[in-house]
Amino acid sequence: MRKELALIAFLVGSYVGAAAQVTLAPLQQENRASAADSPAQHALQLRLQASTLPFFDDFAATATGLPDPDRWQNGGGAYINNRYALNPVSIGVASLDGVDAAGAPYAPSSVATGASDTLTSQPIQLNGFSPADSVYLSFYWQSGGLGDVPDRTSTNSFHLILEFKDNTDAWQQVWRQNAVGEVTAFAQAFVALAEPRFFHETFQFRFRNIGRRTGLADVWNLDYVELDRNRRKGQTTSLDIALSRPVSPLLKHYAAMPVPQFLENPEAALREEVLATINNLGNIPGAISWRGYIKLAEASAPADTFLRAPGLVPGSAQQFEVRGVPRVSNLPLPQEAFKLVHGLFLDTREQNPLHRANDSVSRETQFADYYAYDDGTAEAGFSYISSSTSQVAQRFDLNRPDQIRAFRVYFPQVGNSLEGTSLTFRIWKDADGVPGESVYQQSFQITYTEVANQFYEVVLPKPVNVNERFYIGWSQPGRLFVNIGFDRNSSAAGRRFLSGGVSGWVSDTTTAGAVMMRPVMTGEALSVAEEIAADPYFLYPNPTAGDVYIDGLYRRISVYDIMGRQVHSQVAGAAGKPVSLRHLKNGLYTVHIETGKGIIVKKIILTKS
């Protein structure tokens with residue numbers, strides 16, 4: 001896969017029309033835990049003595065982003081996360097890429113490949129063992145996952161290696177995986193300690209990735225690392241039953257919702273089911289039980305159990321699904337901003353305490369004043385380019401009328417700075433499931449925030465009234481590579497639309513993830529009088545005593561009463577001639593104005609004396 005410019009962008013093949021495409025670009029940097037070089041970490045590293053067998057880490061117990069200092073040396077850049085793996089073995093993986101422990105690129109101006117992240121074990125006492133003890137190191141590896149895929153080249157310049165430290169303190173390469181140029185499933189590798197030189201009192205092993213050092217490029221994921229005696233190559237001895245992925249989102253469509261919109265119909269906003277997935281790493285069926293819960297995020301808040309059941313997980317089962325129907329009817333939901341936490345516990349009755357960290361998962365959902373499809377973290381930059389003006393829109397459905405007062409957006413800097421470049425923010429009405437009439441537009445400038453994944457807010461001069469369904473997004477010159485934050489762990493399936501000016505609006509069905517742009521709501525709708533006053537363009541005066549003027553070209557006007565009955569209809573009259581509604585009773589009417597581009601719907605108040 002060819003790296004585009006210095007942006008190391010890669011195409012994911014989402015084509016719209018003859019010359020339009022979605023491009024995802026690996027990020028150049030992000031905020032990661034910077035405690036790796038803290039005095040406390042150094043003191044711990046110096047204080048630790050060599051550990052003994054067995055060695056085990058599935059990265060499920062680490063919450064800081066840094067490798068567990070009891071098992072790994074610090075400062076190597078490996079990132080412990082639940083973001084970049086695709087169908088991992090257990091929750092939590094170690095990702096190796098082109099940025100250091102703080103999330104900064106190793107060589108931001110270089111396009112050459114080189115050694116990037118390193119994951120190095122703490123010393124392990126092996127001086128009491130020998131090759132006859134059949135000591136094996138096993139681990140699972142994955143190319144790319146939800147990150148950038150390492151390139152396959154004729155010179156095999158992109159690869160992942162494993163090294164052992166021998167009794168002369170020299171590192172020896174014992175395993176290598178060359179890049180295959182595509183996302184792979186997790187594969188298990190077994191490497192024997194077959195030589196006497198590796199059996200000493202300060203044995204160590206380390207993983208290193210060789211790739212581009214300009215950002216979050218050439219990602220390799222590691223999981224479930226085990227070192228022990230009396231093992232055989234390819235033979236699994238683990239009896240671990242592990243949760244493999246985070247629990248699915250609570251809401252049917254969104255990662256976050258405004259409080260008033262959620263409280264209007266909470267049950268309708270929830271997913272029909274939430275699920276988690278389980279891997280049985282042994283070949284023996286496991287009789288276990290599980291519990292699903294939901295609660296307010298406050299530590300003292302009681303939990304409501306919505307799922308409790310026993311189950312038999314088949315031997316060697318992969319991504320075995322556990323499902324439950326969430327509810328909030330038993331929770332005291334606040335009227336102001338709040339968070340809900342839902343999660344799943346497994347009761348596996350496992351004897352090995354090292355396996356218990358992967359038996360629970362949870363997720364927070366925010367209810368405040370905005371809608372979001374994304375979870376607040378970007379794994380890539382999203383660009384949509386075409387031969388003419390490019391437009392991107394995301395759909396939102398309301399439970400009650402509301403107003404948009406602002407929008408929030410995150411621009412990660414990828415490649416050359418576009419700071420200050422102007423784009424156009426837009427709000428569209430719905431037209432049978434795609435963006436229709438543009439009801440608002442405003443120029444705004446690309447702004448990079450100092451902190452990665454930090455949104456900046458653009459406040460509208462006046463709130464824009466919306467109801468039922470609306471779309472927000474942006475338009476830009478077609479050939480401009482604008483990267484907006486893209487969350488690859490969330491879904492906006494069927495709710496993101498693209499227009500390249502050739503074939504109209506189409507649904508983006510091939511790029512899985514969510515654009516990081518959020519509408520911010522007031523929580524209140526305009527009254528009818530306020531709505532009319534805010535939009536006087538086509539009809540005036542409004543209210544009217546009977547004669548109405550229409551500003552603009554149209555074909556036909558139809559008037560409906562509050563019961564939806566048509567009470568007046570006529571074709572366009574002579575320019576400057578009013579439409580007479582004097583024969584109608586006083587009250588509120590809906591006016592449909594048919595133009596060459598569609599039907600525009602307005603309201604009018606008739607107040608005859």
Side-chain angles (χ1 to χ4, degrees), residues 11-25 251-257 261 370-374 378 380-398 402 404 407-411 423-444 458 464 466-521 597-601:
L11 301 181
V12 295
S14 176
Y15 285 89
V16 181
Q21 63 189 23
V22 167
T23 303
L24 297 186
L251 298 176
K252 187 178 298 182
H253 298 300
Y254 309 110
M257 277 186 77
Q261 295 293 335
Y370 64 92
Y371 282 100
Y373 286 110
D374 65 273
F382 176 99
S383 289
Y384 178 56
I385 56 175
S386 69
S387 57
S388 60
T389 299
S390 300
Q391 298 189 103
V392 180
Q394 291 199 122
R395 165 185 154 185
F396 298 89
D397 295 297
L398 296 171
D402 209 329
I404 303 173
F407 66 94
R408 295 171 186 153
V409 62
Y410 170 56
F411 289 102
L423 306 178
T424 302
F425 170 74
R426 293 183 183 272
I427 303 173
W428 296 270
K429 287 184 177 180
D430 178 66
D432 295 325
V434 298
E437 177 193 357
S438 177
V439 297
Y440 181 79
Q441 67 181 53
Q442 173 183 330
S443 177
F444 72 104
V458 178
V464 177
V466 287
N467 56 70
E468 295 183 353
R469 179 179 294 169
F470 68 93
Y471 303 77
I472 71 162
W474 73 95
S475 60
Q476 64 177 65
R479 293 300 183 185
L480 184 64
F481 273 90
V482 174
N483 281 285
I484 286 186
F486 194 68
D487 173 15
R488 300 196 67 188
N489 285 288
S490 298
S491 174
R495 291 174 165 256
R496 183 171 57 253
F497 297 84
L498 310 172
S499 173
V502 179
S503 56
W505 289 101
V506 296
S507 176
D508 181 4
T509 58
T510 60
T511 316
V515 169
M516 296 173 71
M517 177 178 274
R518 303 168 168 181
V520 184
M521 318 302 290
K597 296 182 179 180
I599 296 176
I600 299 169
V601 180

**Request:** Heavy atoms only: give me the nearest Arg426-Ser438 pair and the separation to one decimal.
**Result:** NH1-OG, 3.7 Å
**Item:** Carboxylate-amine/guanidinium contact Arg395 Asp430, below 4.0 Å
**Value:** no
**Prompt:** Under the criterion ring-ring contact (aromatic ring centres under 6.0 Å, His included), which of Trp428, Phe407, Tyr371 is the partner of Phe396?
**Reply:** Tyr371
**Message:** Test of understanding: with ring pair (Phe, Tyr, Trp, His ring centres under 6.0 Å), list the residues that count as partners of Trp474, not counting sequence neighbours.
**Reply:** none
**Fill in**
Correct closest heavy-atom pair for Ala25 and Asn483 would be CB-OD1, 3.6 Å
**Prompt:** Quick one: are Met517 and Val392 in side-chain contact, heavy atoms under 4.5 Å?
**Reply:** no
**Asked** Heavy-atom distance under 4.5 Å between the side chains of Tyr440 and Ile404, does that happen here?
**Response** no
**Message:** Could you measure the distance from the CG atom of Leu498 to the OG1 atom of Thr511? Nearest 0.5 Å is fine.
**Reply:** 7.5 Å
**Closest non-hydrogen atom pair between Leu24 and Ala380, with its separation** = CB-CB, 4.3 Å
**Prompt:** Would you say the side-chain atoms of Ser388 pair up with the backbone N or O of Gly500, donor to acceptor, closer than 3.5 Å?
**Reply:** yes
**Complete:** Tested for ring-ring contact (aromatic ring centres under 6.0 Å, His included) against Phe497, the lone hit among Trp505, Tyr471, Tyr384 is Tyr471
**Request:** Check for a donor-acceptor pair, side chain of Ser383 on one end and backbone N or O of Val482 on the other, with a separation under 3.5 Å.
**Result:** yes
**Request:** Start with the C-alpha gap between Ser386 and Arg479, add the side-chain angles, then the distance that decides, and say whether side-chain contact (heavy atoms from CB on, under 4.5 Å) holds.
**Result:** CA-CA 6 Å; Ser386 69; Arg479 293 300 183 185; over 6 Å; no
**Asked** Closest approach of Gly436 and Ala431, non-hydrogen atoms and distance?
**Response** CA-CB, 3.6 Å
**Residue that, paired with Phe470, satisfies side-chain contact (heavy atoms from CB on, under 4.5 Å) out of Val464, Leu398, Asp397** = Leu398
**Prompt:** Hey, does Gln261 have a side-chain heavy atom less than 4.5 Å from the side chain of Met521?
**Reply:** no
**Prompt:** Do Leu423 and Phe411 have side chains that get closer than 4.5 Å, going by heavy atoms?
**Reply:** yes
**Request:** Report yes if some heavy atom in the side chain of Phe425 is under 4.5 Å from a heavy atom in the side chain of Gln441; otherwise report no.
**Result:** no
**Prompt:** Shortest non-hydrogen contact from Ile472 to Arg518?
**Reply:** CD1-C, 3.9 Å
**Request:** Kindly determine whether Phe486 and Val22 satisfy side-chain contact (heavy atoms from CB on, under 4.5 Å), including the steps that lead there.
**Result:** CA-CA 12 Å; Phe486 194 68; Val22 167; over 6 Å; no
**Asked** How many angstroms lie between atom OG of Ser490 and atom NE2 of His253, to the nearest 0.5 angstrom?
**Response** 14.5 Å
**Request:** Measure the shortest side-chain to side-chain distance between Pro435 and Lys429 over non-hydrogen atoms and say whether it is less than 4.5 angstrom.
**Result:** no
**Request:** Only counting residues at least two apart or in another chain, list the ones meeting side-chain hydrogen bond (donor to acceptor under 3.5 Å, both in side chains) with Tyr410.
**Result:** none
**Item:** Sole candidate of Gln394, Arg495, Arg496 that passes side-chain hydrogen bond (donor to acceptor under 3.5 Å, both in side chains) when paired with Tyr373
**Value:** Arg495
**Asked** So, do Thr424 and Gln442 sit near enough that their side-chain heavy atoms are less than 4.5 Å apart?
**Response** no
**Heavy atoms from other residues, nucleotides or ligands near CD of Glu468 exceed 12 (cutoff 6.0 Å)** = no
